[in-house]
There are 4 protein chains.
Amino acid sequence: MAAKRKIDRPVSGGAVLRERVTAAITDAALGELADVGYARMSMEAVARRAGVGKAALYRRWPSKQAMITELVRSKITETLPHIPATGDLHSDLRGLLAAYHSHLANPLVALIGADLLAESRRDSTLADMLQTEVAAPRRQAARCVLQGAIDHGELPPTLDLKLATDLLIAPLAFRTLILDERSDDEYLETLTAATLAALKAAVRQP
Amino acid sequence: MAAKRKIDRPVSGGAVLRERVTAAITDAALGELADVGYARMSMEAVARRAGVGKAALYRRWPSKQAMITELVRSKITETLPHIPATGDLHSDLRGLLAAYHSHLANPLVALIGADLLAESRRDSTLADMLQTEVAAPRRQAARCVLQGAIDHGELPPTLDLKLATDLLIAPLAFRTLILDERSDDEYLETLTAATLAALKAAVRQP
Amino acid sequence: MAAKRKIDRPVSGGAVLRERVTAAITDAALGELADVGYARMSMEAVARRAGVGKAALYRRWPSKQAMITELVRSKITETLPHIPATGDLHSDLRGLLAAYHSHLANPLVALIGADLLAESRRDSTLADMLQTEVAAPRRQAARCVLQGAIDHGELPPTLDLKLATDLLIAPLAFRTLILDERSDDEYLETLTAATLAALKAAVRQP
Amino acid sequence: MAAKRKIDRPVSGGAVLRERVTAAITDAALGELADVGYARMSMEAVARRAGVGKAALYRRWPSKQAMITELVRSKITETLPHIPATGDLHSDLRGLLAAYHSHLANPLVALIGADLLAESRRDSTLADMLQTEVAAPRRQAARCVLQGAIDHGELPPTLDLKLATDLLIAPLAFRTLILDERSDDEYLETLTAATLAALKAAVRQP
DNA sequence: TTCTAATCGAGACGGTACGTCCCGTCTTGCC
DNA sequence: GGCAAGACGGGACGTACCGTCTCGATTAGAA
């Protein structure tokens, strides 16, 4: 998913970024990212670890920033879990939380997530990427489940969708990304019940 | 709050870190922090801005990391809001959320919070500090309110305290620190209602 | 002779380029120069060899070019030999040639001289430096001896001074710098005689 | 004169270095040489200028060094002037100096000569090439004229041939290659006279 | 009041990383 | 197999900070 340049045929002959090198760099970069974190990661170290010249990195990405952004985006989105929609609110909710949980449990997501969120305050490109590639799909899935429940009469039509979405995602994300604590099945079960109750009360006040 | 060394009796001579210098550095550092952010802040720039030699910084803190950590810690804790305990669960809850909100609305907290949380994954000293200095007092306040409600019979004794604490803090923290969105009074009001409902359902399943 | 900055007292305290570091760099640079030549010399190698950071080099000289120029200038001029002037043309001539010879026999001069002359075609700063610091004094010495001989009637007043100067310096310089051959006493003796004869004939044609 | 490989019968197929490409490279290289000089010339620039792949260069020469050396060698030798031998020492001498002069006046010789001489101190292959291809023919011509003069009795049989050769070539070479100054007819005329006198005195001392 | 030792501003020190350029080699697909 | 294009590993460029160290000059507590 990396290397975007040089994919269309040049006049003749020409050289193309080599797959194996791209793979080696990607592996090395993700490894470094996990080892030392976003801020302390150095391009030189990545190149060294990949057994590659620095130029090979800069041929693929214009900067350290861009490389990490792209790498993480593809890693995160490729692990985006499927979200079910059975129609029953409680089981949909449970499914949604299970999907979030399994995604957040990915070691890379947990390790890098906090770094990215911190960095995204300063880098609007990164912020936009996270918004459209990561947050939007989740929000969409949540909204889908909520709308279904409203249509079935399980949730009131006065539901504050914005707040409801926050309520759905926040506790698990907060616990995993910020408190760095694991959540077991029992936790998820109780959380589902509590979230269900919260949603029913999340209506705009008269 | 800075300068920890040299506080006990020197052998002789005048050799105490000077207050004015410490203050100048602190101001400059917070200024830089606000201007360029955690990652891009340089000690050189802080020293330059404070009109101070770099050594004056390293005489006070062992590293850039430590300096920022300590500055932010003191800024964060000094703004820790008072938390009321009237006995009425709904109004206590509202008060608690208002207190969290006003604290998180502090620009410095919002700016630096995410950085510190990210960094704390790799720096257990920082993690411990945040845990004891920031998280613990909040958790304690929450627990206090919750226990009162249980004693008054407003919440069931089977309440999962761990989960309940997460439910109390997570939505607001997530929204502010991670989504970087403001919350108005109306939002807080609805959130209070929803949280109240969630808490009542946050009991361990039979 | 290196380090020209920071020699006058700043407002207070301040830091000064350290003598030992300058010496280490100078040695290392001259060593590299002798080993790999002007063109192939690298600042990194010099820094490595001197056990010094690259910044220490760039604190002293603005560029590789400038460093080499200055270093060589000082090395060459510091070995500039004393030139006698007895009044007797033959012995003055012999002395002059001996002085040139001993200077050109300096291994560094011999090794670097050709590099510098080549480079000076492209670098007018270097060319000017060589002209004023190296060539001019020699030319002056030669002119002095020649003028004395004219005054004594040993050389005709119609002597072409420009040509005569070339005749004095060229054979030895050419032989040493370009042919890279040594010259012994016997050679110098014969050369003196031949040069004397040449000078007497070096008059502008009628 | 370039391309030495693949000049004899290829086994099959069309696999001979193409003349047009060689010519384009040669032109481009000489152009770059003139534009930016020996040291700053880059193979990439030559390839670009010739509209040619870098491989085409390295198929013909093993290195930048080798390419320049060979190009310049061929340019220098192809401009080697004819040297007359009338029997009259003065006019032969004048002819010799005129030939040297016209050769050295070739802009390429002047531009590259000093570089090559400098480089030849560290590259014995280059030194040998210059010796056999450039210096030897000139020395031979000089020796020829000198021997003729000895045979005719115009020069003493005790003439120091080595020194005499130096005396013949040095002033002009020095002036052109090192001082980078032009020489006009009048200069050459006077130089001839002076050189003639010098030669007559260039006998080994008793 | 004098002594005296640690602090001060300034910035040099050995390092590491940045992103760029070129070297000489290697790879790809067209002719 | 030569060719144009250009990716490859390597290494140097000159800059910016890191955290440490070195200067005199300043300053304030102990004598």
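Just so we're on the same page: letters track the sequence lines, and every chain starts at 1. The structure displayed is predicted, hence computed values, not measured ones. For the numbers below, each heavy atom of this structure counts, side chains included, while hydrogens, waters and symmetry mates do not.
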Inset, instruction - For Glu44(A), enumerate each residue passing the side chain to side chain donor-acceptor pair (under 3.5 Å) test, keeping only those at least two apart in sequence or located in another chain. - result: Lys54(A)
Legend entry - Counterpart residues, salt bridge (charged side-chain N to carboxylate O under 4.0 Å, His left out), relative to Asp35(B) (two or more places apart): Arg49(B)
Legend entry - side chain to side chain contact (heavy atoms under 4.5 Å, CB included) against Leu116(A), all qualifying residues, sequence neighbours excluded: Tyr38(A), Val72(A), Ile76(A), Ile112(A), Leu126(A), Leu130(A)
Inset, instruction - May I ask you to test the Thr22(C)-Arg18(C) pair for a side-chain heavy-atom distance under 4.5 Å? - result: no
Inset, instruction - Quickly work out the Arg49(C) CZ to dG14(E) P distance and round it to whole Å. - result: 17 Å
Legend entry - Any Met67(C) side-chain heavy atom under 4.5 Å of Arg60(C) side chain: no
Inset, instruction - Kindly write out the residues that satisfy side chain to side chain contact (heavy atoms under 4.5 Å, CB included) with Ala45(C), not counting sequence neighbours, or none if the list is empty. - result: Glu32(C), Ser42(C), Arg48(C)
Legend entry - Global bending angle along the helix from dC3(E)-dG29(F) to dC31(E)-dG1(F), which compares the axes of five pairs at either end, to 10 degrees: 30°
Inset, instruction - Would you indicate whether the side-chain heavy atoms of Met43(D) and Tyr58(D) approach each other to under 4.5 Å? - result: yes
Inset, instruction - Summarise how protein sits on nucleotides 8-15 of chain F as a single string, 5' to 3': B when a protein heavy atom is under 4.0 Å from the base, S for sugar-phosphate-only contact, - for no contact. - result: BS--BBBB
Legend entry - Interatomic distance, Trp61(B) CH2 vs dT7(E) C1' [rounded to whole Å]: 15 Å
Legend entry - By salt bridge (charged side-chain N to carboxylate O under 4.0 Å, His left out) - contacts of Lys64(B) (at least two apart): none
